[in-house]
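One-based numbering along the sequence shown.
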Amino acid sequence: MNIMISINRDYMKYACIMLMSLKEHHKDILLSVYILHNELTDEDFQQMDEIIGSEGIELIPVFIPAGTAKDFQIGDWPEVNAYRLLATDLFGGTLDRILHLDVDILITGDISELYNTPFEDNYLIGCEDFLSEADRRQKCREVARDDNTVFFNAGVLLFNIPKLLADGFCYAVYADILKRYPNIKIEYPDQDMLNLLFCDKTKYMNRTKYNYSPLYYSMNDTEYAYNSLEELKKNCSIVHMISGTKPWTNVSKTVVDDLWWEYAMRTPFYLDMKVGHVETMLRREQKISELIYGKIQGISQNANAEQLLTEAEGTLYKMLEQEFMILDRLGKFV
């Protein structure tokens, strides 16, 4: 199984955790992991190899000179995020397919079915993005100029290398399109470019199985949300911890957090990550507390004021995930 990841040194620790989970669910499959980077050293790769273990998995460094993908270094997005656009340039003529995985992912089951799915003349295989119906249509209007197109998430994406190569799709083509059509609205640089070109030539897989986001489903599609780790493990193979669900930064727990930290404990990065996480939670708690007390002080005199104040005081001692609910409720009386 050919896997591609793109990382800098800051994300090396998260890559180790993702790759450990990948390896543990594919013990009978040889994993060739191509690590695209522009700053890792031989010592870094030796450390990764020691953490993950070399049996059944081969880490293959692929050095990308800084500036190679500078066209897609837009806004706060680092250049390394766009390295997946180099798939044809790097692997054309040598690999038939390669699966790109973001490293804010935890593998919770077998992904062989995804990896071996026939392309059926499609350029890519992926999953629909984490967008509501309204947001998806808006995104498709902006990027693909088509209300009915399905917009995919590039965090889990299988590349049909021979077809991309045969039809001339490589990094230079993507960069040229970006330069020639400056009015294209690019928010997520590489993901938007791939959607612009291939959203109607992508085979879509079940995102609750192969690209599940705890945050998205708990807020939008509660019917499809996994309510326990046992349920998730039974039905899901890839958890994608986007945005506010990254275990090392989020202040509220998701169903997969404890499992992610179990893997983290097996790395030398665990203590620093845990300290950083606690510091993040404390800063967030202080900020939210200040906001809540500000709202409380602004409550008008009315029949519900005493009850509201009592509820707010008690809730300050509860889990932080309730904080925005309190703010919203208090805000209605200010």
Verdict with supporting geometry, Y14 and Y11, ring-ring contact (aromatic ring centres under 6.0 Å, His included): CA-CA 5 Å; Y14 310 128; Y11 266 66; 5.0 Å; yes

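- Considering all non-hydrogen atoms of both residues, P247 and D257 come closest at CG-OD1, 3.9 Å.
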Audit row: E128, F152, side chain to side chain contact (heavy atoms under 4.5 Å, CB included) steps and yes/no: CA-CA 4 Å; E128 187 177 349; F152 60 77; over 6 Å; no

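- Judged by distance alone, the side chain of S21 and the main-chain N or O of I107 form a donor-acceptor pair under 3.5 Å.
- Here the side chain of N122 pairs a donor or acceptor atom with the backbone of F119 at under 3.5 angstrom.
- Taking a cutoff of 4.0 Å between a charged side-chain nitrogen and a carboxylate oxygen, K23 and E55 do not qualify as a salt bridge.
- Taking CG of N81 as the reference point, atom CD1 of I74 lies at 11.5 Å (rounded to 0.5 Å).
- Look at K201 and D121 and you find a salt bridge, because one of the NZ, NE, NH1 or NH2 atoms lies within 4.0 Å of a carboxylate O, short of that distance.
- In terms of modelled atom types and a separation under 3.5 Å, the side chain of D102 and the main chain of D104 share no donor-acceptor contact.
- A donor-acceptor pair is defined here as one N or O able to donate and one able to accept, closer than 3.5 Å; such a pair exists between the side chain of E39 and the backbone of R9.
- When all heavy atoms of P118 and R97 are compared, the pair lying nearest together is CA-NH2, 4.5 Å.
- Side-chain atoms of Y115 come within 3.5 Å of backbone N or O of N2 as a donor-acceptor pair.
- Residues F91 and Y34 place their aromatic rings such that the two centres sit under 6.0 Å apart.
- Partner Y171 forms a side-chain hydrogen bond (donor to acceptor under 3.5 Å, both in side chains) with one of D176, D89, D71, T68 and no other, that one being D71.
- At least one side-chain heavy atom of M48 sits less than 4.5 Å from a side-chain heavy atom of L19.
- For the pair C236 and K209, the tightest heavy-atom approach, listed with the atom from each and the gap, is SG-O, 3.6 Å.
- Side-chain atoms of E79 come within 3.5 Å of backbone atoms of A69 as a donor-acceptor pair (strictly under, hydrogens ignored).
- What you find for Y263 and E24 is that their closest heavy atoms are OH-OE1, 3.4 Å.
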Residue pair D258, L229: steps toward the side chain to side chain contact (heavy atoms under 4.5 Å, CB included) verdict: CA-CA 9 Å; D258 288 341; L229 183 59; 5.8 Å; no

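- Distance check, rounded to the nearest 0.5 Å: CE of M205 to OG1 of T117 gives 3.5 Å.
- Between the side chains of D190 and Y174, no donor-acceptor pair of N or O atoms lies under 3.5 Å.
- When all heavy atoms are compared, the tightest approach of L59 to D49 is CD1-N, 3.9 Å.
- Between M241 and S213 the shortest side-chain heavy-atom distance does not fall below 4.5 Å.
- Ring pair Y123/F169 is perpendicular by interplanar angle, where above 60° counts as perpendicular and below 30° as parallel.
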Verdict with reasoning, W260 to W248, per ring-ring contact (aromatic ring centres under 6.0 Å, His included): CA-CA 9 Å; W260 188 90; W248 59 92; 5.2 Å; yes

Working for side chain to side chain contact (heavy atoms under 4.5 Å, CB included), residues K163 and D96: CA-CA 9 Å; K163 182 170 178 59; D96 288 335; over 6 Å; no

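- Here the side chain of Q47 pairs no donor or acceptor atom with the backbone of E43 at under 3.5 angstrom.
- Side chain of H277 to backbone of N250: a donor-acceptor contact under 3.5 angstrom is found.
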Derivation of the side-chain hydrogen bond (donor to acceptor under 3.5 Å, both in side chains) call for D110 and H25: CA-CA 6 Å; D110 190 353; H25 287 92; over 6 Å; no

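- Each of I3, L157, I5 was scored for a side-chain contact (heavy atoms from CB on, under 4.5 Å) with L99, with one residue passing: I3.
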Test log, rule ring-ring contact (aromatic ring centres under 6.0 Å, His included), inputs F63 and H37: CA-CA 5 Å; F63 177 75; H37 73 100; 5.7 Å; yes

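- Hydrophobic clustering of Ile, Leu, Val, Met, Phe, Trp and Tyr side chains at less than 4.5 Å, counting indirect connections, unites F198 with V173.
- A single hydrophobic cluster is seen to contain both L259 and Y226, as judged by linkage of ILVMFWY side chains at heavy-atom distances under 4.5 Å, directly or through other members.
- The closest donor-acceptor contact from the side chain of R207 to the backbone of D129 lies under 3.5 Å.
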Verdict with reasoning, I60 to E58, per side chain to side chain contact (heavy atoms under 4.5 Å, CB included): CA-CA 6 Å; I60 306 169; E58 181 184 11; 3.8 Å; yes

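- Side-chain atoms of N195 never come within 3.5 Å of backbone atoms of D192 as a donor-acceptor pair (strictly under, hydrogens ignored).
- Scanning both residues, Y83 and S6, for their nearest heavy atoms gives CB-OG, 3.4 Å.
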